[in-house]
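Some notes on the structure that comes next.
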Amino acid sequence: MMKYFAWSISLLVGLMSLGQEMLWFRIISFMLGGAPFAFALVLFFFLLGIAFGASKGKTICTRYSNLFFAGGMVLICAGFIDIAIPFIILQISQDHVMVLPLCVCIILIFFVAALKAILFPIVHHLGTNIANGKVGASVSKVYFFNIIGSTLGSLLIGGILLDYVSISSMFILIGIVCILIGSLMIIKKSVSSIITVIMLGCSCFYLVDKHTNYIFKTLYGKDEISVDTYVENRYGIIHIVNDDKEGIKNIVLGNNMYDGMINIDPDNDINDLNRLYLLAAVHPNPKKVLVIGVSAGAWTRALSSFPTIETIDAIEINKGYIDIIKQYPVVSPILNDPKINIHIDDGRRWLKRNSSKKYDLIIMNTTYHWRSGTTNLLSQEMMKIAENSLNPDGILAFNSTRSPDTLKTAQSVFKYAYWGKLGFIYASDSMIKIDEVVAKDRLDKLILDGKPLFNEESKQRENGAYKKTLSTQLLTLDEFEKLQNLGRDLEIITDSNMITEYKYGLLGKK
């Protein structure tokens, strides 16, 4: 009976520990805006905590005879700390910028990992059969169940439960499970007590609010920002916020970083949709369009004004944005537009699975080039996949977020590549030129909700999309390098070198 109990604890502690590591990664990644070193930071302090905890667990095994009691007390202590974590983070994030919450979280990662690691030597002592000489077999079985639990923790919590349970609630539920298991270790381990604990655990899971929002209620380091809408799922955290100081509304934040704006007003082109309208000015007859990264839908909604478009395939990896779009009438029509097909998928994966489809325009309003995973959209390999999916004279347009290496990368795949407003890149195997007369004629034909997108008043506004579109200068690679005087040779981004994320990323050189 004892060995089965030890195996069960080994499995459950592994499940909770590795599941909690996934939660910590989400939190630290949110604090750092998706920086690629977030996982390494979490893993370092998590493993450091495990090493420290295992060492202390060995000491407990040599000093205490009642290991069930000692292990139970450790788990109960760990459980109460787990429950307190969301409230601790909420408290420190209300009055401080990101640095202090980040430091506190690192300390908590180490501490909670250490507490759970203390149980590992204890369950080995409890589950090892020395009397019959099968020490190796007994140890391997404890390891086996711990590995099974660790694997399940990552998959179950990170891959499934976070779609239904918030990160704050997950910490609370893990804490409750720790307390219940710890109590079971201390009391008499009878069948009735095990059934009682299981029933209590099921009751707690049922009664605890699955959507509490303590951790992300406050946006770290963003004063005078009010949250209008909030969505949390396993793909990330979405906030729609208002800048109360500047009077700017409906700013979209994906994992605590700017991800667009719910605005299609051509008179006040605050989110620079002119970069999209330029495609209407330079492409004579776009019919099939692919949008990678729908976000809150403003770009897709504006794109629907192109009169010649027949089909728009819009790819978005985070289904939470669909819930956002439903709540804002300015963009919600894209959900019912028969021309628009929204697919919840990874953009690059979708392109590879649908390689037979060809498009006149492929548009990616890509996130910051230094964020984790952005290489998947900016690399030479991705450019080649996109080129294969373009019709003759087709255009790939994407946001470089001012990374000059993206222009070099596009030029390595396409015959022509240009640097536009705010570093938006336009690449094609045909030359792209802005003819003002032709551009004006095409912009005049843009129709949204049955009305011309640009009226005469719109055309006169200095901050309007019409004038900003016509004033765009497209720079070739040579022109851009001469103008910028970067002081270094531009490099080609590949899946292997990931230079935008590391070498020239958030903490790298420019």
Side-chain angles (χ1 to χ4, degrees), residues 23-35 38 84-102 104-105 162-172 208-265 268 270-271 293-301 316-332 334-335 365 367-368 371-372:
L23 303 182
W24 282 120
F25 168 64
R26 299 296 176 93
I27 294 170
I28 299 301
S29 181
F30 180 88
M31 289 182 173
L32 297 175
I85 285 171
F87 303 97
I88 294 171
I89 296 176
L90 173 63
Q91 189 59 42
I92 59 174
S93 63
Q94 284 181 329
D95 303 315
H96 302 89
V97 293
M98 186 189 68
V99 176
L100 180 61
L102 182 62
V104 171
C105 284
L162 286 185
D163 253 349
Y164 308 98
V165 182
S166 71
I167 290 176
S168 297
S169 299
M170 239 9 271
F171 271 111
I172 294 170
V208 170
D209 184 358
K210 309 301 185 303
H211 305 289
T212 53
N213 172 28
Y214 300 118
I215 293 176
F216 304 110
K217 187 174 290 186
T218 301
L219 290 167
Y220 308 97
K222 292 182 171 65
D223 297 328
E224 298 178 320
I225 295 290
S226 59
V227 177
D228 186 49
T229 310
Y230 166 84
V231 173
E232 178 182 343
N233 57 32
R234 69 187 178 97
Y235 297 99
I237 316 297
I238 306 168
H239 289 88
I240 308 299
V241 303
N242 302 317
D243 187 331
D244 299 325
K245 182 178 180 181
E246 299 294 331
I248 302 173
K249 295 185 178 297
N250 299 335
I251 304 167
V252 185
L253 300 180
N255 284 327
N256 206 27
M257 292 299 297
Y258 178 80
D259 203 19
M261 195 173 296
I262 304 176
N263 173 65
I264 59 168
D265 183 2
N268 185 26
I270 194 169
N271 48 334
V294 176
S295 185
W299 282 60
T300 306
R301 173 77 166 127
E316 174 54 54
I317 196 170
N318 190 340
K319 64 182 181 181
Y321 279 114
I322 304 301
D323 297 326
I324 296 290
I325 292 169
K326 290 177 181 177
Q327 299 178 51
Y328 291 85
V330 68
V331 289
S332 61
I334 70 172
L335 299 178
N365 191 9
T367 188
Y368 293 99
R371 297 183 78 187
S372 179

For the residue pair [X] and [Y], establish whether any side-chain heavy-atom pair is separated by less than 4.5 Å.
{"X": "His239", "Y": "Ile225", "answer": "no"}
{"X": "Asn213", "Y": "Ser166", "answer": "no"}
{"X": "Phe171", "Y": "Ile27", "answer": "yes"}
{"X": "Met257", "Y": "Thr367", "answer": "no"}
{"X": "Lys326", "Y": "Asp323", "answer": "yes"}

>> Working note: Ile251 + Tyr258, criterion side chain to side chain contact (heavy atoms under 4.5 Å, CB included); need CA distance, chi angles, decisive distance, verdict.
In response: CA-CA 7 Å; Ile251 304 167; Tyr258 178 80; 3.7 Å; yes

Could you measure the distance from the [atom1] atom of [X] to the [atom2] atom of [Y]? Nearest 0.5 Å is fine.
{"X": "Ser169", "Y": "Tyr164", "atom1": "OG", "atom2": "OH", "answer": "15.5 Å"}
{"X": "Ile92", "Y": "Leu100", "atom1": "CD1", "atom2": "CG", "answer": "5.5 Å"}
{"X": "Arg234", "Y": "Ile167", "atom1": "CZ", "atom2": "CD1", "answer": "13.0 Å"}
{"X": "Tyr328", "Y": "Thr229", "atom1": "OH", "atom2": "OG1", "answer": "2.5 Å"}
{"X": "Arg26", "Y": "Asn255", "atom1": "CZ", "atom2": "CG", "answer": "8.0 Å"}
{"X": "Ile325", "Y": "Glu316", "atom1": "CD1", "atom2": "CD", "answer": "7.5 Å"}

> Between Val294 and Tyr321, is a side chain to side chain contact (heavy atoms under 4.5 Å, CB included) present by the stated rule, with each step listed?
Replying inline: CA-CA 8 Å; Val294 176; Tyr321 279 114; 5.9 Å; no

>> For Asp265, give me all partners under salt bridge (Lys or Arg N to Asp or Glu O under 4.0 Å), at least two apart in sequence or on another chain.
In response: none

To check you understand the geometry: which heavy-atom pair defines the closest contact between [X] and [Y], and what is its length?
{"X": "Ile89", "Y": "Cys105", "result": "CD1-SG, 3.8 Å"}
{"X": "Pro86", "Y": "Ser168", "result": "CG-O, 3.5 Å"}
{"X": "Lys210", "Y": "Val208", "result": "NZ-O, 3.0 Å"}
{"X": "Gly33", "Y": "Arg371", "result": "O-NE, 2.7 Å"}

>> Please evaluate residues Leu162 and Tyr235 with respect to the criterion side chain to side chain contact (heavy atoms under 4.5 Å, CB included), reporting the C-alpha separation (whole Å), side-chain torsions for both, the decisive distance (0.1 Å), and the verdict.
In response: CA-CA 8 Å; Leu162 286 185; Tyr235 297 99; over 6 Å; no

Using only atom types and a distance under 3.5 Å, with no angle test, would you say the side chain of [X] pairs donor to acceptor with the backbone of [Y]?
{"X": "Ser29", "Y": "Ala38", "value": "no"}
{"X": "Asn256", "Y": "Phe30", "value": "yes"}
{"X": "Arg301", "Y": "Ile334", "value": "no"}
{"X": "Asp244", "Y": "Gly247", "value": "no"}

>> Does Ile262 form a side chain to side chain contact (heavy atoms under 4.5 Å, CB included) with Val252? I'd like the steps, not just the answer.
In response: CA-CA 7 Å; Ile262 304 176; Val252 185; 3.9 Å; yes

> With no hydrogens and no angle check, do the side chains of Asn250 and Asn263 hold a donor and an acceptor under 3.5 Å apart?
Replying inline: no

> If you measure from the Lys or Arg side-chain nitrogens to the Asp or Glu carboxylate oxygens, is any gap between Lys249 and Asp228 under 4.0 Å?
Replying inline: no

